[in-house]
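Okay, so here's the structure we're looking at.
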Amino acid sequence: TVAALPGATGYAYIDDFTITIPAGASEESISQMLALFIQEAAAIGLTLNLSKCSVVNFHDTRPEDLPLIAGKFGFEYGTKAFVALGVPIGASTQAILAHVPATAKRAQRFVEGDVHPSMPAQLGLLLLSRCGTSMLNFICGALPPALTNVIAADHDARMQRAAAQHLGF
């Protein structure tokens, strides 16, 4: 399917698939290739999760029709960055930074959860350390420290407040 567009390359990891398309590809060839990809996926029983699909343009010049192509297929349109496997990837620091707060927010959902009064403190602290930190650790390991220092400090403060709440301080 990806070979139908000269210069396009496909990358897959478990249930995620990324297609890179050369900057000079025509709007028509991109539309045809995406339609063929969706058709072939359906033929083997796969459906696309449209909330996770996007067309991202990393080039300074772009076909004006790319947002229209994305909309035609129900995909989000973005420029310069996207999130893959939970980590923002982009063509510039600014593009990546635009995605970091939302990514960090998803990672902090366990920290912000309400503490049930009957939950033992040890269980609450175990949940915080295992569930409340693993995603942020992953993000911090995947991105340069200069991009994650602020969210890491904020997360530490949230963890301290949540721990104090679990311990009744």
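Residue numbers start at 1 and run along the sequence shown.
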Quiz item: Residues two or more places apart in sequence or in another chain: which of them pass side chain to side chain donor-acceptor pair (under 3.5 Å) with Asn49?
Solution: Ser51

Practice problem: Quick one: pull up CZ in Phe73 and CD1 in Ile38 and give me the separation to the nearest 0.5 Å. | Solution: 5.0 Å

Quiz prompt | Within-4.5 Å side-chain heavy-atom neighbours: Phe75 and Leu48 | solution = yes

Quiz prompt | Residues in side chain to side chain contact (heavy atoms under 4.5 Å, CB included) contact with Leu143, at least two apart in sequence or another chain | solution = Val87, Pro88, Ile96, Val100, Ile139, Thr148

Quiz prompt | Distance in Å, Leu34 CG paired with Lys72 NZ, rounded so as to fall on 0.5 Å steps | solution = 9.0 Å

Practice problem: Considering only Ile, Leu, Val, Met, Phe, Trp and Tyr, and joining two whenever side-chain heavy atoms are under 4.5 Å apart, list the other residues clustered with Leu68. | Solution: none

Self-check item: All side chain to side chain contact (heavy atoms under 4.5 Å, CB included) counterparts of Gln39, not counting sequence neighbours
Solution: Leu36

Quiz item: Stepwise, does the side-chain contact (heavy atoms from CB on, under 4.5 Å) test hold for Leu46 with Glu40?
Solution: CA-CA 9 Å; Leu46 300 176; Glu40 300 241 344; over 6 Å; no

Practice problem: Mind checking salt bridge (Lys or Arg N to Asp or Glu O under 4.0 Å) for Asp154 and listing every partner two or more places apart, or none if nothing turns up? | Solution: Arg158

Quiz item: Could you give the distance from CZ (Phe17) to SG (Cys53), rounded to the nearest 0.5 Å?
Solution: 12.0 Å

Self-check item: Residue pairs involving residues 86-104 (criterion salt bridge (charged side-chain N to carboxylate O under 4.0 Å, His left out); sequence neighbours excluded)
Solution: none

Self-check item: CG on Asn149 to SG on Cys140, rounded to 0.5 Å
Solution: 8.0 Å

Self-check item: Which residues share a side chain to side chain donor-acceptor pair (under 3.5 Å) with Glu28, sequence neighbours left out
Solution: Gln32

Quiz item: Where is the tightest heavy-atom contact between Ile19 and Met33, given as atom of each residue plus distance?
Solution: CG2-CE, 3.8 Å

